[in-house]
Amino acid sequence: MSKILVFGHQNPDTDAIASSYAFAYLAREAYQLETEAVALGTPNEETAFALDYFGVKAPRVVASAKAEGVDTVILTDHNEFQQSISDIAELTIYGVVDHHRVGNFETANPLYMRLEPVGSASSIVYRMFKESDIAVPKEMAGLLLSGLISDTLLLKSPTTHISDHKVAEELAAIAGVSLEEYGMAMLKAGTNLASKTEAQLIDIDAKTFELNGNAVRVAQVNTVDIAEVLTRQAAIEEAILEAMAKEGYSDFVLMITDIVNSNSEILALGANMDKIEKAFDFVLENNHAFLAGAVSRKKQVVPQLTESFGL
C-alpha cells in the first residue's frame with residue numbers, strides 16, 4: 001500500500017495535532033502502514049507551546065491529498081467532511097479515530113473506525129498503544145497528554161470521561177511532567193489573544209456544522225478575562241460578518257471561554273438568532289449573553305444548537 005496521510009480537522013487544535021502525530025507512529029509500528037502525520041492548518045499558540053516543550057517538529061501543512069499524490073487517508077479527531085481536507089470526497093478513508101458525533105459520513109468501502117465518547121482523541125490513541133503493546137515515546141506521551149488537557153480544560157470540562165483521569169496520570173508520568181503545573185502553563189499559552197487580529201481570533205478554533213440546512217460556524221477562544229475580549233466586540237463582529245459573507249455561513253457563534261472560572265460568553269450573529277436564544281434559554285443583548293458553566297463546544301453548545309435548529 002502506498003503512503004497514507006494522517007490528519008486531524010481544519011484549524012487544528014492540540015488534540016488534532018497530537019492524535020494524528022501519535023496515531024501515524026502507532027500505525028507504522030503496530031500495523032506496518034506507511035503513514036505521515038500532516039496538518040490542515042498552522043498550529044495555534046497552545047499547540048506550539050506543547051510542540052516546543054516536548055521538542056517535536058510541527059507536522060507540515062497540506063491543502064489537498066491528491067496534490068500530494070495520495071489517495072488514502074486516516075482521520076483523527078473528526079469525521080464530518082466539512083471539517084476535513086478539501087478533497088476528502090475523492091479519497092479512500094482507511095480509518096477514523098474520533099470522539100465526536102458522526103455527521104454526514106459515508107464511505108464506499110468498509111473501514112477501521114474507532115469512536116468513543118471520551119474527553120479527547122488522544123485518550124483513544126493512548127489506549128490503542130497499550131492494546132498493541134507498543135511503548136509510547138516520552139515526547140509522544142507529552143503531546144497526547146497535551147491533547148487531553150486541551151480538550152478537557154485540564155479535566156474540568158463535562159466532556160471528561162472517568163477513564164481520562166487515569167490516562168492523564170499515566171501520560172504525565174511517561175512524559176515526566178506535573179499534570180497540574182504543565183497543564184495550566186499550556187492552557188495559559190493559548191490565551192494570548194492580544195497579538196491576534198480579529199479575523200485570526202475567530203478562526204483559532206472554529207468548526208462548521210450543517211444544522212437543518214444551515215451552515216453554522218461555531219468558534220471558541222480561551223481567555224482569563226472575558227471582559228478584555230469584549231472590548232474588541234465591534235471589530236470582532238466586523239470580522240464575523242466578513243467571514244459569513246465570504247464562506248456562506250448562515251450563523252456564527254463565538255464562545256469566549258474563561259478557563260479559570262469555567263464560564264463562557266456567547267457572541268452570535270446571523271439569520272437565526274431566535275434559534276440560538278432558544279438553544280441556551282437566554283436573551284442576547286447587544287449580540288451576546290453569559291452562559292454559566294459552559295466550557296465545552298462539543299457537549300454544551302453544538303447539541304443544544306442541533307436540537308434548536310431541528311425544531
Side-chain angles (χ1 to χ4, degrees), residues 7-25 37-61 76-78 119-123 125-126 136-157 159-160 164 167-197 200-207 219-226 228-229 255-262 264 295-297:
F7 48 79
H9 50 76
Q10 297 171 16
N11 297 312
D13 56 13
T14 305
D15 190 36
I17 296 290
S19 59
S20 58
Y21 181 85
F23 190 77
Y25 175 89
V38 295
L40 304 187
T42 305
N44 60 37
E45 289 187 347
E46 177 192 277
T47 309
F49 175 90
L51 290 167
D52 181 67
Y53 191 98
F54 293 106
V56 176
K57 183 179 179 181
R60 64 190 184 91
V61 176
T76 72
D77 199 32
H78 76 295
S120 68
S122 293
S123 305
V125 174
Y126 172 63
V136 185
K138 180 178 180 180
E139 71 279 3
M140 209 162 290
L143 287 187
L144 290 173
L145 175 64
S146 301
L148 174 55
I149 291 170
S150 176
D151 265 25
T152 63
L153 285 181
L154 198 49
L155 305 175
K156 294 177 183 177
S157 168
T159 59
T160 307
D164 287 323
V167 168
E169 291 173 4
E170 292 180 3
L171 286 171
I174 298 171
V177 298
S178 162
L179 175 60
E180 292 292 330
E181 291 179 9
Y182 170 76
M184 187 53 66
M186 187 198 78
L187 290 175
K188 286 185 176 179
T191 65
N192 180 19
L193 305 178
S195 62
K196 298 284 189 297
T197 66
Q200 291 172 329
L201 186 148
I202 65 170
D203 207 40
I204 292 172
D205 182 6
K207 294 181 179 180
Q220 184 172 24
V221 294
N222 292 335
T223 183
V224 294
D225 189 347
I226 290 175
E228 182 178 358
V229 178
M255 291 181 70
I256 307 168
T257 301
D258 182 342
I259 64 169
V260 176
N261 298 303
S262 299
S264 289
V295 296
S296 169
R297 172 174 53 198

Trainee: Can you see which heavy atom on Ser19 is nearest to which on Ser122, and at what distance?
Mentor: N-OG, 3.9 Å
Trainee: Give every donor-acceptor pair under 3.5 Å between a side-chain atom in residues 219-226 and any protein atom, sequence neighbours left out.
Mentor:
residue : atom : partner : partner atom : Å
Gln220  : NE2  : Thr257  : OG1          : 2.9
Gln220  : NE2  : Val295  : O            : 2.9
Thr223  : OG1  : Asp225  : N            : 2.9
Thr223  : OG1  : Asp225  : O            : 3.3
Asp225  : OD1  : Ala227  : N            : 3.2
Asp225  : OD1  : Glu228  : N            : 3.2

Trainee: Please step through side chain to side chain donor-acceptor pair (under 3.5 Å) for the pair Ser157 and Thr160, ending with a clear verdict.
Mentor: CA-CA 6 Å; Ser157 168; Thr160 307; 4.9 Å; no
Trainee: Can you tell me how far apart CG (Asp77) and CZ (Phe23) are? Round to the nearest 0.5 Å.
Mentor: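 Interatomic distance, Asp77 CG to Phe23 CZ, rounded to 0.5 Å: 13.5 Å.
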Trainee: Kindly give the heavy-atom pair with the smallest separation between Ser195 and Glu45, and that separation in Å.
Mentor: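 Heavy-atom minimum between the residues: OG-OE2, 3.5 Å.
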Trainee: Look up atom NZ in Lys207 and atom CG in Asn11, then write down how far apart they are to the nearest 0.5 Å.
Mentor: 10.0 Å
Trainee: Within this structure, what is the CD1-CG distance for the pair Ile256 and Asp258, rounded to the nearest 0.5 Å?
Mentor: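 Reported to 0.5 Å precision, the distance equals 11.0 Å.
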Trainee: Would you say that Leu179 contacts Ile149 through its side chain, given a criterion of any heavy-atom pair below 4.5 Å between the two side chains?
Mentor: yes
Trainee: Pick out which of Glu181, Glu180, Lys188, Met186 makes a side-chain contact (heavy atoms from CB on, under 4.5 Å) with Met184.
Mentor: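 Single pass found, and it is Lys188.
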Trainee: To the nearest 0.5 Å, how far apart are CD1 in Ile204 and CG in Leu193?
Mentor: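 CG of Leu193 is found 5.5 Å from CD1 of Ile204.
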Trainee: Determine the minimum heavy-atom distance between Thr76 and Ala16, stating which atoms define it.
Mentor: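 That closest heavy-atom pairing would be OG1-O, 3.8 Å.
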Trainee: Does any non-hydrogen side-chain atom of Thr159 lie less than 4.5 Å from one of Asp151?
Mentor: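 Heavy-atom side-chain distance check fails, nothing below 4.5 Å.
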Trainee: Distance check, rounded to the nearest 0.5 Å: Leu187 atom CG versus Ile259 atom CD1?
Mentor: 5.0 Å
Trainee: With Leu143, which of Leu171, Val136, Leu51 fulfils side-chain contact (heavy atoms from CB on, under 4.5 Å)?
Mentor: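 Result: among Leu171, Val136, Leu51, Leu51 is the only option passing the side-chain contact (heavy atoms from CB on, under 4.5 Å) with Leu143.
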Trainee: Taking all atoms of both residues into account, what is the closest heavy-atom pair of Asp164 and Leu148, and its distance?
Mentor: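 So the two residues come closest at O-CD2, 3.6 Å.
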Trainee: Would you name the heavy atoms of Ala37 and Tyr21 that are closest together and state the gap between them?
Mentor: CB-CA, 3.7 Å
Trainee: If the condition is ring pair (Phe, Tyr, Trp, His ring centres under 6.0 Å), which residues does Tyr25 pass it with, not counting sequence neighbours?
Mentor: none
Trainee: Can you tell me how far CZ of Phe7 sits from NE2 of His78, rounded to the nearest 0.5 angstrom?
Mentor: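 These two atoms lie 5.5 Å from each other.
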Trainee: Please answer whether the main-chain N or O of Ser146 pairs with a side-chain N or O of Ser150 as donor and acceptor at a distance below 3.5 Å.
Mentor: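 Not a single qualifying donor-acceptor pair exists.
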Trainee: Taking Asp13's backbone N and O only, do any of them form a donor-acceptor pair with Asn44's side chain (distance below 3.5 Å, no angle check)?
Mentor: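 No.
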Trainee: Suppose the criterion is side-chain hydrogen bond (donor to acceptor under 3.5 Å, both in side chains): which pairs have a residue in residues 48-60, not counting sequence neighbours?
Mentor: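 Pairs touching residues 48-60 that pass the test: Glu36-Arg60, Arg60-Glu68.
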Trainee: Check Gly41 against Val61 and note the closest heavy-atom contact, atom names and distance.
Mentor: O-CG2, 3.5 Å
